[in-house]
Participant: 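The structure that follows is given in the form of structure tokens.
Order of listing sets the numbers, starting from 1, for every ligand and every atom in it. Keep in mind that what you see is a predicted model, and the values were worked out from it rather than measured.
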Amino acid sequence: MDNCLFCKIVRKEIPAKICYEDERVMAFHDINPVAPVHILVIPKEHIPSMNEVAPENAGLFGHMALVAKQVSEEAGVAESGYRVVINNGPDSGQVVFHVHAHVIGGRALSNLC
Ligand code: AMP
Ligand code: ZN
């Protein structure tokens, strides 16, 4: 996707603080962190939101969950706790339409709703 911000990060056209990368997934630090640890885990494949996730993406999303676990450990929040959030659509506040999981921790987090 030519104009997708996160596809540009995948292609290394825009710099990011990348903390994990393999052939399917990338993780990098959020540019506007809401907590001491705020990492985004994305598929390299352009999938706009959870609404477009298909059964054949099940392995990819399982892998993203394992990468979220790994980066939480490496960031030192696995024991203190963290939240994994995927925003979808207008009411969630999603602004980048390349699906991504926020890994947020390093402070006590308030209730979701
Ligand atoms: P969402 O509201 O779920 O779509 O979240 C998008 C996230 O992307 C926000 O937390 C932004 O701070 C983050 N973001 C936007 N641009 C960049 C960038 N160039 N590098 C890293 N994170 C970014
Ligand atoms: Zn994209």
Side-chain angles (χ1 to χ4, degrees):
M1 295 294 281
D2 288 353
N3 276 328
C4 170
L5 176 65
F6 286 176
C7 283
K8 288 181 180 175
I9 289 176
V10 168
R11 294 195 299 265
K12 313 257 169 88
E13 293 169 8
I14 290 177
K17 282 179 61 183
I18 297 167
C19 53
Y20 179 87
E21 182 176 10
D22 63 26
E23 68 283 354
R24 287 187 289 171
V25 166
M26 184 181 270
F28 52 90
H29 294 270
D30 196 290
I31 204 167
N32 186 23
V34 299
V37 172
H38 189 168
I39 294 167
L40 303 177
V41 180
I42 71 168
K44 288 190 167 178
E45 175 185 348
H46 181 84
I47 300 172
S49 78
M50 292 289 285
N51 290 356
E52 290 77 27
V53 174
E56 57 264 33
N57 303 129
L60 174 63
F61 272 68
H63 183 51
M64 284 173 60
L66 289 172
V67 170
K69 172 191 171 187
Q70 180 178 326
V71 298
S72 78
E73 290 168 351
E74 290 169 356
V77 296
E79 299 306 319
S80 55
Y82 60 97
R83 189 170 281 159
V84 180
V85 176
I86 301 179
N87 291 323
N88 297 282
D91 280 355
S92 74
Q94 183 181 9
V95 294
V96 178
F97 283 83
H98 179 130
V99 73
H100 50 282
H102 297 253
V103 177
I104 300 167
R107 65 168 172 81
L109 300 167
S110 56
N111 290 337
L112 270 178
C113 301

Participant: Any ion pair linking Glu74 and Lys69 (charged N to carboxylate O, less than 4.0 Å)?
Facilitator: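 The answer is no: the pair does not qualify as a salt bridge.
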Participant: Given Val34, Asn32, Val85, Asp30, identify the one with the heavy atom nearest to atom 11 (C) of ligand 1.
Facilitator: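 Result: the heavy atom closest to atom 11 (C) of ligand 1 is in Asp30.
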Participant: To the nearest 0.1 Å, how far is atom 2 (O) of ligand 1 from its closest protein heavy atom, and which atom is that?
Facilitator: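 The closest one turns out to be Gly93 O, 3.0 Å.
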Participant: Donor-acceptor pairs are to be reported for all side-chain atoms of residues 50-62 against protein atoms at under 3.5 Å, with residues two or more places apart or in another chain.
Facilitator:
residue	atom	partner	partner atom	Å
Glu52	OE1	Ser49	N	2.9
Glu52	OE1	Ser49	OG	2.8
Asn57	OD1	Ala54	N	2.8

Participant: Do any nitrogen or oxygen atoms of Ile14 lie less than 3.5 angstrom from nitrogen or oxygen atoms of ligand 1?
Facilitator: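 For ligand 1, there is no N or O atom that lies under 3.5 Å from one belonging to Ile14.
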Participant: Using the Zn ion (ligand 2) as the apex, give the angle to atoms ND1 (His46) and SG (Cys7), rounded to 10 degrees.
Facilitator: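 The two atoms form an angle at the metal of about 110°.
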Participant: Is there a heavy atom of Phe6 sitting under 4.0 angstrom from any atom of ligand 1?
Facilitator: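 In this structure, Phe6 qualifies as a contact of ligand 1 - some heavy atom is under 4.0 Å.
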Participant: With a cut-off of 4.0 Å, which atoms of ligand 1 are near a heavy atom of His102?
Facilitator: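 This gives 1 (P), 3 (O), 5 (O), 7 (C), 10 (O) as the contact atoms.
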Participant: For His100 and Asn87, which I'm curious about, is there any donor-acceptor pair between the side chains at under 3.5 Å?
Facilitator: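 There is no such pair between these side chains.
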Participant: Please confirm whether the ring centroid of His38 lies under 6.0 Å from the ring centroid of His29.
Facilitator: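 No, the ring centres sit 6.0 Å or more apart.
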Participant: Using a 4.0 Å heavy-atom cut-off, which part of Phe28 comes near ligand 1: side chain, backbone, both, or neither?
Facilitator: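 For Phe28, the contact with ligand 1 is made by the side chain alone.
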Participant: Show the atoms of ligand 1 that are less than 4.0 angstrom away from any heavy atom in Asn87.
Facilitator: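 That gives atoms 1 (P), 2 (O), 3 (O) of ligand 1.
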Participant: Below 3.5 angstrom, do we get any N/O pair linking Ile31 and ligand 1?
Facilitator: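 Ile31 vs ligand 1: N/O contact under 3.5 Å present.
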Participant: Considering only heavy atoms from C-beta outward, does the side chain of Tyr82 approach that of Leu109 to under 4.5 Å?
Facilitator: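 They are not in side-chain contact.
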Participant: Nearest 10° is fine: what angle sits at the Zn ion (ligand 2) between ND1 from His98 and SG from Cys4?
Facilitator: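 The ND1/SG angle about the Zn ion (ligand 2) sits at 110°.
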Participant: From Arg107 CZ over to Ile104 CD1, what is the distance, rounded to the nearest 0.5 angstrom?
Facilitator: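 CD1 of Ile104 is found 8.0 Å from CZ of Arg107.
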Participant: Picking from Arg24, His98, His63, what satisfies side chain to side chain contact (heavy atoms under 4.5 Å, CB included) with Pro43?
Facilitator: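 The passing option is His98.
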Participant: Specify the protein heavy atom at minimum distance from atom 16 (N) of ligand 1: its residue, its atom name, and the distance to 0.1 Å.
Facilitator: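 Among all protein heavy atoms, the one nearest atom 16 (N) of ligand 1 is Leu5 CD2, 3.3 Å.
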Participant: Is Ile9 in polar range of ligand 1, meaning some N or O pair under 3.5 Å apart?
Facilitator: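 By distance alone, the answer is no.
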Participant: Within the structure provided, determine whether Gln70 and Tyr20 are in side-chain contact (heavy-atom separation under 4.5 Å).
Facilitator: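 The answer is yes; the side chains approach within 4.5 Å.
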Participant: His29 to ligand 1: N or O pair under 3.5 Å?
Facilitator: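 No, no N or O pair falls under 3.5 Å.
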Participant: Supply the atom-to-atom distance Glu79 CD to Ser72 OG, rounded to the nearest 0.5 angstrom.
Facilitator: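 Spacing of CD (Glu79) from OG (Ser72) equals 9.0 Å.
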Participant: Give me the residue, atom name and distance of the protein heavy atom closest to atom 1 (P) of ligand 1.
Facilitator: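 The closest heavy atom on the protein side is His100 NE2, 3.2 Å.
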Participant: Are side-chain heavy atoms of Phe6 and Lys8 found at a separation under 4.5 Å?
Facilitator: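 No, too far: nothing below the 4.5 Å cut-off.
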Participant: Specify the protein heavy atom at minimum distance from atom 4 (O) of ligand 1: its residue, its atom name, and the distance to 0.1 Å.
Facilitator: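 For atom 4 (O) of ligand 1, the nearest protein heavy atom comes out as Val95 N, 2.8 Å.
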Participant: Would you say Gln94 and ligand 1 have an N/O pair spaced under 3.5 Å apart?
Facilitator: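 No: no nitrogen or oxygen of Gln94 is under 3.5 Å from one in ligand 1.
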Participant: Ion pair present between Glu21 and Lys44, side-chain N to carboxylate O less than 4.0 angstrom?
Facilitator: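 A salt bridge is present here (some side-chain N lies under 4.0 Å from a carboxylate O).
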Participant: Any nitrogen or oxygen of His38, main chain or side chain, under 3.5 Å from a nitrogen or oxygen of ligand 1?
Facilitator: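 No - when backbone and side-chain N and O of His38 are compared with those of ligand 1, no distance drops under 3.5 Å.
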